[in-house]
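A short write-up of the structure that comes next.
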Amino acid sequence: MDNERFAALEAHYNTILPTLATKADIEALRAEMHKMSADTHKWMVASLIGLFIGFGGLGITLSQILKPTAQATTQMSAQPPQPIIIYLPQPTAAPQK
């Protein structure tokens, strides 16, 4: 009985053994993962630099758009401001009884 059990375990072991990873397989996987990590790091840094440049350009563009022009300021200073006139309704007398 022990002989049959041992033979079954040996057959099971012999079928699993070829699928196990070797030291070379682990080293290749480690090198590939390190390369992928380095590539991801480069993409993240490049994206961050691109975002800073893009937001910087957007800020400069908005400051140029929102800056008042010299012509508009001279026109505004040449004309005095118009007075504000508020008309109040005339009070009506209450009907007498």
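FYI, the numbering just counts along the sequence from 1. Hydrogens, waters and symmetry mates play no part in the numbers below; they use all other heavy atoms, side chains included.
A donor-acceptor contact shorter than 3.5 Å links the side chain of S47 to the backbone of W43.
The two residues S63 and I60 come nearest to each other via the heavy atoms OG-O, 2.8 Å. When all heavy atoms of P18 and T15 are compared, the closest pair comes out as CD-O, 3.6 Å.
A distance of 10.0 Å separates CD of E10 from CG of N3, quoted to the nearest 0.5 Å. Here the straight-line distance linking atom CG of L62 with atom CZ of F55 works out to 11.0 Å at 0.5 Å rounding.
Shown here is E32, whose CD atom has no more than 12 heavy atoms of other residues, nucleotides or ligands within 6.0 Å.
By the rule that hydrophobic residues join a cluster once side-chain heavy atoms approach within less than 4.5 Å of another member, L51 and L58 end up as members of one cluster.
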Note to self: Go through it in stages, so that I can follow the logic: the residues are D25 and T22, the test is side chain to side chain contact (heavy atoms under 4.5 Å, CB included), and I'd like the CA-CA distance, side-chain angles, deciding distance and then a yes or no.
What the structure shows: CA-CA 5 Å; D25 293 337; T22 63; 3.2 Å; yes
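A heavy-atom distance below 4.5 Å is found between the side chains of T19 and I16.
Evaluation of the side-chain hydrogen bond (donor to acceptor under 3.5 Å, both in side chains) rule for K35 yields D39 as partners, not counting sequence neighbours.
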